[in-house]
Amino acid sequence: MFLTRHRRASQARTRSSLLRVSPMSAAVLVLVGAVLAAPVVAASLSTTSMTVSVGETATRSVTSVSGTVTVASSNAEVASASYRASSRTGGTLAVTGVAPGSTTVSLRDRNGTKSFAVRVAAPMTVTPTELTVGVGASASLTVANAASESITVSPTSTTVFAARVASSTTVTVTGVGVGAGSIVVSDGQTKVTVAITVTAAAVQPPIVKGQLLASNCYQCHGTYGSGGFESIDGASASEIYSQLKSYAASTSANSIMAAHAAGYTDAQLQAIANYLSTVNK
Amino acid sequence: MHRRQFLGLMAVGAASAATMPALLTLSRPGPARAASLIPVPADASLAGKRVVVVGGGMAGAATAKYLRLWGGTGLAVTLIEQAPTYTSNIMSNMVIVGERTIDSLAYRYDTLTGWYGVTVVQGTVASVNPAAKSVTLASGAVYTGDALVLAPGLEFGSLPGAYDVAKTPHAWQAGAQTVQLANQLTAMADGTDVVITLPKAPYRCPPGPYERACVIADWLKVNRPSSHVYLLDANPSIQAEAANFASAFAGSSASGYTVTYRHDVVIGSLDSAARTVTYTYKDDTGTVQSVTAQPAGVLNPIPPMQAPPILRNAGLCAANPANGMAYAPVAPLTFESAIAVSATDPTPRFPGVHVVGDASAVPAEWYPGYTGSASVGIPGVPKAGHIGNQEGKTAASAIVRRLRGDTTLAAETDLVLNSACYTPITRGNATSPGTATWLSAVYEYDAPAKKMYAAQGQPRAASSATTRNFSDMLVWFNTVMGDTFA
Ligand SMILES: Cc1cc2nc3c(=O)[nH]c(=O)nc-3n(C[C@H](O)[C@H](O)[C@H](O)COP(=O)(O)OP(=O)(O)OC[C@H]3O[C@@H](n4cnc5c(N)ncnc54)[C@H](O)[C@@H]3O)c2cc1C
């Protein structure tokens with residue numbers, strides 16, 4: 001799904017960017033700019049290199065051409081190259097990244113051949129591309145291979161979620177209201193759409209009443225009442241409660257359980273009994 | 001419920017108190033216990049959140065375990081502990097008198113890491129930045145959390161005179177000093193005395209020094225019959241279980257030994273090399289008496305103790321007027337630092353920074369109209385391991401609820417903390433089991449005062465030293481350690 005969407009986006013970009021240097025890629029602009037400053041004469045082309053992203057097309061002008069120009073990429077599965085004449089002596093060379101890897105592009109006219117290395121960088125990826133988050137909870141998207149330090153996300157807030165760029169590799173999404181929507185993460189070259197679903201039932205156990213109160217018993221009866229002096233988990237609430245009440249009322253002078261139970265209010269004993277009857281079942 | 005099974009096990013353990021193999025296996029995390037381990041719920045809702053816990057003792061280890069149990073698999077918990085294993089202070093008096101080995105008190109962090117998924121980092125925290133909720137290790141590594149829990153225990157101070165802890169170990173933090181003190185006792189000549197001093201409250205484990213006096217006196221009775229124990233107490237009276245200890249010190253039928261107990265002791269000077277102590281005390285008529293250079297065969301000064309420098313230097317502490325020592329004041333419901341923004345603004349200055357265990361100071365009081373005997377216990381939340389574990393659970397619960405955005409937390413008033421100490425009075429031998437007493441206390445939250453108070457009729461102490469209490473003591477010890485480390 002991701003691949004299909006990505007390919008469609010890159011085809012659109014190839015069509016529109018042939019005529020100009022893509023303003024989106026700062027890195028490529030610098031490299032191509034250097035070449036533009038010293039217009040290429042096939043016979044005197046200085047050795048250079050170029051980096052493009054997958055789906056991106058970088059262009060540069062060629063001058064002082066003599067005769068017919070042909071261009072070739074040594075590995076067309078990594079990058080393709082084409083030349084379009086604008087006059088008899090000049091035109092535009094376009095290199096389009098196809099897949100991550102390296103290739104050599106050669107330009108040939110009557111006077112000779114010039115070659116330069118092209119590296120095609122992997123496109124930005126965002127994982128996951130489908131996210132489920134509870135209302136009030138947050139989750140992160142991880143961004144890799146971004147072409148620039150400043151990634152953007154849109155929209156940043158809807159009635160369903162709020163999204164925020166936390167760093168150059170992380171986007172945080174917080175659930176606002178139940179529903180579904182999507183965000184687009186962009187590094188200026190690649191756009192990735194992430195589907196967001198916000199669920200009402202937060203995927204978390206509720207904080208149960210009695211959880212902390214009952215944990216007072218675990219130093220003597222084991223974690224969650226599972227052992228120690230006696231296991232006290234899993235019996236019915238009324239059974240545990242009535243035992244606690246009789247301990248609390250006991251005047252036995254040498255029973256630590258009686259001394260302990262006497263320290264709670266009736267409501268607390270009830271909450272503890274209810275909680276312990278539900279654990280470890 | 002398995003009482004009968006347990007008693008069966010206990011019989012084996014109690015009969016061979018010196019080695020207690022069956023019980024020791026129970027106290028260690030291992031495959032035999034795996035069936036009762038509670039799984040961490042597969043709940044990723046707190047993914048991306050991290051809590052940093054400093055100190056893997058009674059309070060810190062319990063905090064880390066319960067953060068995972070209640071926070072679920074999504075919550076990252078990092079526990080920073082300087083030692084590779086924890087040595088329990090509880091039961092360490094039994095090492096001094098040869099009833100247990102120090103190794104039998106060692107607890108590993110395997111179960112916290114392997115089962116509960118806590119990330120344990122072995123390292124020493126050098127400084128705390130409470131505003132950033134971060135800590136810096138001696139190695140330079142920095143750990144930052146959405147919440148920070150500090151549980152580093154206590155630092156031991158000095159005493160007047162030529163005091164040298166290397167010569168007269170306090171053994172109030174179990175480990176090498178405990179073994180050293182045990183060796184000093186074994187090397188002691190019959191007819192020389194054991195002199196123990198204890199500092200003004202609050203100190204770690206209120207009944208602990210009295211317990212130590214008892215088990216050593218019980219050991220002398222058999223092994224150095226002409227020797228005697230002196231307990232020099234800086235406090236005006238016995239600080240916990242007064243009736244039980246007073247009766248044991250006086251040579252009750254249960255104890256069969258005596259201990260000379262002196263109160264209101266002010267140490268003038270103490271010489272660790274010469275093993276002498278010069279001090280004043282109040283006799284029972286209230287008259288001040290002085291003693292010059294009392295000699296000891298074994299001198300065991302327990303110095304005053306306070307929160308360690310990493311807390312004091314971070315501005316988290318305040319001096320306790322009772323003993324001049326500094327501890328970290330906390331709000332009971334969350335164990336969050338109660339240090340205020342300023343003298344005029346009581347808002348907590350370091351939200352999200354929690355202090356649990358002995359380093360903390362919990363505001364506490366007797367309940368209004370208390371009519372019981374104050375001599376049975378102590379009028380505050382004690383510095384002790386059983387309740388330190390509960391403080392850890394309280395902080396863990398508050399942190400998880402805050403991270404989940406639970407708004408009922410602020411309205412919560414239903415907090416209970418409980419403390420329990422079992423105290424050996426006699427050690428037992430091949431033919432008769434030992435005897436022990438206990439002290440139990442339940443503290444309730446007083447919402448208007450924002451303090452803990454000992455609930456009606458609390459604390460309560462055992463009515464007498466019994467053999468049943470002695471075997472219960474071992475069940476309790478294994479269970480509280482299991483609830484903390486396994
Ligand atoms: C003889 C004796 C008997 C006792 N009997 C009882 C009893 O019967 N019942 C009871 O409830 N209590 C008892 N206690 C008290 C109990 O042992 C302590 O109160 C308890 O251990 C305190 O827990 P804590 O987590 O605050 O500190 P500790 O258990 O001391 O743990 C602190 C941990 O932090 C680590 N640490 C410290 N500083 C750093 C740092 N800078 N970086 C990294 N790690 C650090 C330490 O290595 C240690 O592991 C007894 C104590 C003694 C001495």
Side-chain angles (χ1 to χ4, degrees), chain A residues 132-140 166 170 172 174-175 202-235 243 248 252-265 267-268 271-272 279-280, chain B residues 1-3 6 36-38 41 43-48 65-66 69-70 72 74 386 389-390 393-394 397-398 400-401 404-406 408 414-418 420 422 438 440-444 454-464 466 468-469 472 475-476 478-480 482-484 486:
Chain A
T132 301
V133 62
V135 171
S138 297
S140 300
T170 316
T172 307
T174 306
V203 276
Q204 60 186 45
I207 298 297
V208 193
K209 178 143 181 63
Q211 184 186 63
L212 178 60
L213 269 182
S215 71
N216 274 290
C217 318
Y218 304 164
Q219 290 97 312
C220 291
H221 290 287
T223 303
Y224 286 7
S226 54
F229 284 109
E230 309 268 0
S231 57
I232 53 167
D233 54 333
Q243 275 175 308
S252 167
N254 234 338
S255 164
I256 200 167
M257 186 58 223
H260 181 78
Y264 294 86
T265 64
Q268 287 168 341
I272 290 169
V279 299
N280 262 11
Chain B
M1 310 203 178
H2 316 304
R3 175 120 196 117
F6 250 106
S36 68
L37 290 171
I38 313 296
D43 167 11
S45 55
L46 292 182
K65 169 175 164 174
Y66 278 88
L69 274 182
W70 292 338
H386 181 109
N389 161 302
Q390 196 60 35
K393 290 168 183 163
T394 306
S397 175
V400 167
R401 289 190 285 171
R404 288 200 197 287
D406 180 339
T408 61
D414 218 4
L415 176 67
V416 168
L417 298 174
N418 90 99
Y422 278 88
W438 48 257
S440 167
V442 175
Y443 300 87
E444 298 271 352
Q456 190 91 26
Q458 302 283 327
R460 268 207 228 170
S463 55
S464 59
T466 66
R468 157 81 193 267
N469 288 337
D472 276 3
V475 177
W476 162 76
N478 290 331
T479 311
V480 69
D483 187 40
T484 308

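Residue numbers begin at 1 in each chain, while the letters A, B, ... track the order of the sequences.
- At least one side-chain heavy atom of B:K393 sits less than 4.5 Å from a side-chain heavy atom of A:Q219.
- Taking the side-chain hydrogen bond (donor to acceptor under 3.5 Å, both in side chains) definition, one finds that A:S215 meets it with B:Q390, sequence neighbours left out.
- In this structure, chain B has a heavy atom under 4.5 Å from the backbone of A:S138, while its side chain stays farther away.
- Proximity to chain A (any heavy atom under 4.5 Å) is shown, for B:W476, by both the backbone and the side chain.
- With a 4.5 angstrom heavy-atom cutoff, B:S464 touches chain A via backbone and side-chain atoms both.
- Most heavy-atom pairs under 4.5 Å with chain A: of the set B:V480, B:L417, B:V416, B:L415, this distinction falls to B:V416.
- The contact between A:S252 and chain B is made entirely by backbone atoms, counting heavy-atom distances below 4.5 Å.
- For a residue to count as touching a neighbouring chain, one of its non-hydrogen atoms must lie under 4.5 Å from one of that chain's; by this rule A:L213 touches chain B with the side chain only.
- A side-chain donor-acceptor contact under 3.5 Å links A:H221 to the backbone of A:E230.
- B:D483 is listed as a side-chain neighbour of A:Y218, based on a closest heavy-atom distance under 4.5 Å.
- Neither the backbone nor the side chain of A:A139 comes within contact range of chain B; no heavy atoms are under 4.5 Å apart.
- Checking side-chain atoms of A:N254 against main-chain N and O of B:A462 turns up no donor-acceptor pair under 3.5 Å.
- Between A:G263 and B:E444, the shortest heavy-atom distance links the atoms O-OE2, 2.6 Å.
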